[in-house]
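Letters A, B, ... mirror the listed sequences (proteins, then strands); counts begin at 1. Heavy-atom basis, side chains included; hydrogens, waters and symmetry copies ignored.
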Protein chains: 2
Amino acid sequence: MPRARLTPLSVTEAGAALIDEIGFENFSMGLLAERLGVKTPALYKHITSQADLVHRIAARALAEFADAIRDAIQGRAGSDALAAGAQAMRTYVLEHPGQYATADAAAARPTGPDDPIIPAVERVVASWAAMLRGYHLDSSQEIHALRMLRSALHGFSTQEAAGGFQIDASIDDSFTWMINFLDRGLQDITATATATTTTTSSSAR
Amino acid sequence: MPRARLTPLSVTEAGAALIDEIGFENFSMGLLAERLGVKTPALYKHITSQADLVHRIAARALAEFADAIRDAIQGRAGSDALAAGAQAMRTYVLEHPGQYATADAAAARPTGPDDPIIPAVERVVASWAAMLRGYHLDSSQEIHALRMLRSALHGFSTQEAAGGFQIDASIDDSFTWMINFLDRGLQDITATATATTTTTSSSAR
DNA sequence: GCATGAGGTTAACGTCATTAACCTCTAGCA
DNA sequence: TGCTAGAGGTTAATGACGTTAACCTCATGC
């Protein structure tokens, strides 16, 4: 009987795939072991606990997610960047619902200051922030715009993945509608701000 | 030793309170039984399973949530209604994070056509729809606006409750900023739509 | 070749949810 | 008033988990 040659990485990857297939709440060590053709305790030679495994899956997912957003925004600006980044996020969540849920749950509570989850989250935020820079918002508004964006995109993707939208209207249409809405609103802020600035005086800072 | 005089309702209510305190993922039959001064199996005289209990908690939560939104919007219109409804939702989620999570998880999958969760969800949607009516949107846009609103509010509340926002900027400010943003955008849609209609001709539908 | 340890296995334990078997108040009726 | 049935508890037992301990066995480096 040949050895399975498992490694922490291969276990994590198999876990990530499985969690996407069966969902975060149905995931179990037994199922993963079975999937890998091994008995449950064998997994503990490569990871220290289920919590550890889930955390690794989350870190991996978050890194991939950050890459996807970065790549989508790369080379685009303004409305284009927003649309591409948003679509990339939605696609990721739809294709990896289990991993996204895992990442979402883990992102809120890093295990320590050297948790790889932290830089991954920062990369995601940095991408959104870079994208927003194309709208030339007042720096005091940036954080609010960022939070709104995350809220809207997270909320939409999450509800769509959970089947929370009824099917009587196109979800694709709703998504692009929302993105257009956000885009127009962001442009308006800039427009009115510059208008005001131009009209009154010019104190950028 | 006096009897505990439990009922399905009292068990559900105690469960709802407990799930808010310790969180959805930490909830267990044993803890609830202990809280009620009873052994675990006693609970099964009043509910059929943990899934049943969770479902009851979700239904109860969703009904309360629907009431809160309705009451907040009641008697207000336009921006006021939006702000009040949104604030009511955020408050509910912050005060009942466990129940909201439970409701959210259950809302996607009703157990049958007579599931009390269904009318409760409909009531929530109806409230938001009523609120949106104040913006006189084109009927084809209503569903998109509704989904956007749910996404943004759900995403924001959920992330705030999970501690997903850093503390370096006021979350309150971000929330009202977001609401203002949404309000302005919705007003603009109406404005441009009527402007177009007035300018060109008057062909509604 | 051979020993040693990485990487499996089986066995056993504690915690859950759940069910079965049993007990005991208490309400309702003769 | 006293009896009885069943509502509403209890303890004990079962099976699915996660996890750990004890053990076994390749396969690799000397």
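- Rounded to an integer number of Å, the gap from OH of Y44(B) to C1' of dT11(D) is 16 Å.
- The side chain of K45(B) lies closest to dG8(D), out of dG8(D), dT18(C), dG7(C).
- Of all nucleotides listed (dG7(C), dG8(D), dT19(D)), dG7(C) comes nearest to the side chain of H46(A).
- In the set dT19(D), dG8(C), dT18(C), dG8(C) carries the atom at the smallest distance from any side-chain atom of A42(A).
- Among the nucleotides dC17(D), dG8(D), dT18(C), the one closest to any side-chain atom of S28(A) is dC17(D).
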Applying side chain to side chain contact (heavy atoms under 4.5 Å, CB included), run through L186(B) and L132(B) and close with a yes or a no.
CA-CA 9 Å; L186(B) 289 170; L132(B) 276 178; 3.9 Å; yes

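- A salt bridge links D52(A) to R56(A): at least one charged side-chain nitrogen sits closer than 4.0 Å to a carboxylate oxygen.
- Taking atom CG on L6(A) and atom P on dT9(C), their separation rounds to 9 Å, with Å as the unit.
- Summarising the geometry, the separation between CZ on R5(A) and P on dG8(C) is reported as 7 Å, rounded to the nearest angstrom.
- Going from atom CD of E34(A) over to atom P of dG18(D) covers 12 Å, rounded to whole Å.
- In this structure, the nucleotide among dT19(D), dT10(C), dG8(C) sitting nearest to the side chain of K39(A) is dT10(C).
- With ring centers used as reference points, H96(B) lies under 6.0 Å from Y92(B).
- Counting only N and O atoms by type, the side chains of R60(B) and T12(B) include no donor and acceptor under 3.5 Å apart.
- Remark: the D138(B) side chain and the S140(B) side chain contain an N/O donor-acceptor pair separated by less than 3.5 Å.
- Computed from coordinates, the I47(B) CD1 to dG9(D) P distance equals 12 Å when rounded to whole Å.
- As rounded to whole Å, 10 Å separates atom P of dC17(D) from atom CG of N26(A).
- Side-chain proximity of P41(A) to dA11(C), dG8(D), dA17(C): nearest is dA11(C).
- Distance L31(B) CG to dT15(C) C1': 12 Å, rounded to the nearest Å.
- In this structure, CE of M29(A) is placed 21 Å from P of dC13(C), rounded to the nearest angstrom.
- In this structure, S49(B) reaches the sugar-phosphate backbone alone: every heavy-atom distance under 4.0 Å involves primed, P, OP1 or OP2 atoms, never a base.
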